[in-house]
There are 2 protein chains.
Amino acid sequence: MKTLIKEKRNELHITQEELSYKLKVSRQTIISLEKGKYKPSLILAHKLAQTFGCSIEDLFIFEGDENLE
Amino acid sequence: MKTLIKEKRNELHITQEELSYKLKVSRQTIISLEKGKYKPSLILAHKLAQTFGCSIEDLFIFEGDENLE
DNA sequence: TCCTTTTGTCAAGTTTACTTTACGTTAATT
DNA sequence: AATTAACGTAAAGTAAACTTGACAAAAGGA
């Protein structure tokens, strides 16, 4: 799974700290998500998409290994 | 957060067991999700939406308490 | 009524998202 | 060169998603 969090955040010109404050998560969480260290919960994915004004499917690109069959 | 998993599953006329097999999760997971015991991971939400031929946002209804501000 | 399928409960364990703290690195500015 | 803002790493802990297994309650048809 690929994510566009970093790109979208840069488009808004906000820092990791500002984003983490807005979403009420730690800055470490933002760092880890941008680096692909782990995957966000559904709720956090939704908040991120909402912040960036896009859909969850726009923000996260699900690849083959996560598809069915 | 509300979910339409049970309704969508019934539309497809498949059992919890068939769905859990398709998604490679335990039947207990499906039960718990339908009953709202906990929220799915992003990947599982994606697989569910894919199975039902809809978007994540169509399958899960995010309510006020999960919105920003 | 009996049998089977489907749905549900309970509990204990594993994995992973997320937090917190503390410290190191990079890049821009003065 | 020194300071500061932004980004990154590492480690240890907590909370929640998910598993497994065993067993009980509904619901359906024969």
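Both backbone and side-chain heavy atoms feed into the values below; hydrogens, waters and symmetry mates do not. Numbered from 1 within each chain, the chains take letters A, B, ... in sequence-line order.
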Please enumerate all protein N or O atoms sitting under 3.5 Å from an N or O of nucleotides 14-17 of chain D, with distances to 0.1 Å.
unit_1: D:dA17; atom_1: OP1; unit_2: B:K39; atom_2: N; d: 3.3
unit_1: D:dA17; atom_1: O5'; unit_2: B:K39; atom_2: O; d: 3.2

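Between B:E34 and the choices B:R27, B:R9, B:K2, the salt bridge (charged side-chain N to carboxylate O under 4.0 Å, His left out) rule is met once, by B:R9.
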(message) I need a per-nucleotide contact map over nucleotides 21-30 of chain C, read 5' to 3'. Cutoff is protein heavy atoms under 4.0 Å; write B for the base, S for backbone only, - otherwise.
(response) B---------
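Nucleotide C:dT15 holds its C1' atom 15 Å from the CD1 atom of B:I43, rounded to whole Å. Atom CG in A:L19 sits roughly 10 Å away from atom P in D:dC7 (whole-Å rounding). In this structure, A:L23 places its CG atom 15 Å from C1' of C:dA17, rounding to the nearest Å. Rounded to a whole Å, the CD atom of B:E34 is 11 Å from the C1' atom of C:dT6. As rounded to whole Å, 11 Å separates atom C1' of D:dA6 from atom CG of A:N10. Here D:dG21 presents its P atom at 14 Å from CD of B:E17, a figure rounded to the nearest Å. Atoms NZ (B:K24) and P (D:dT20) sit 14 Å apart, rounded to a whole Å. Counting to the nearest Å, the C1' atom of C:dT7 and the CG atom of B:L33 are 15 Å from each other.
Comparing D:dT19, C:dT9, D:dG8 against the side chain of B:K35 picks out C:dT9 as the nearest. Side-chain atoms of A:T15 lie closest to D:dA6 of the nucleotides C:dT6, D:dA6, C:dT19.
In the displayed structure, B:E7 atom CD is contacted under 6.0 Å by more than 12 heavy atoms of other residues, nucleotides or ligands. For B:Y21, the OH atom is loosely surrounded, since the number of other residues' heavy atoms within 6.0 Å does not exceed 12. In this structure, A:E18 places its CD atom where more than 12 heavy-atom neighbours from other residues, nucleotides or ligands lie under 6.0 Å away.
Within the structure, a side-chain polar atom (N or O) of B:K6 is placed less than 4.0 Å from OP1 or OP2 of C:dG8. At D:dC18, none of the side-chain N or O atoms of B:T29 fall inside 4.0 Å of OP1 or OP2 (strictly under the cut-off).
Contact check for B:F52 versus B:L4: no side-chain heavy atoms found under the 4.5 Å cut-off. Two residues are said to be in side-chain contact when any heavy atoms from C-beta on lie closer than 4.5 Å; A:M1 and B:L42 meet this criterion. Put simply, the side chain of A:K47 does not reach to within 4.5 Å of the side chain of B:F62, judged on heavy atoms. Using a 4.5 Å heavy-atom cutoff, the side chains of B:L19 and B:L12 are not in contact.
No donor-acceptor contact under 3.5 angstrom links the side chains of A:S32 and A:T29, judged on distance only.
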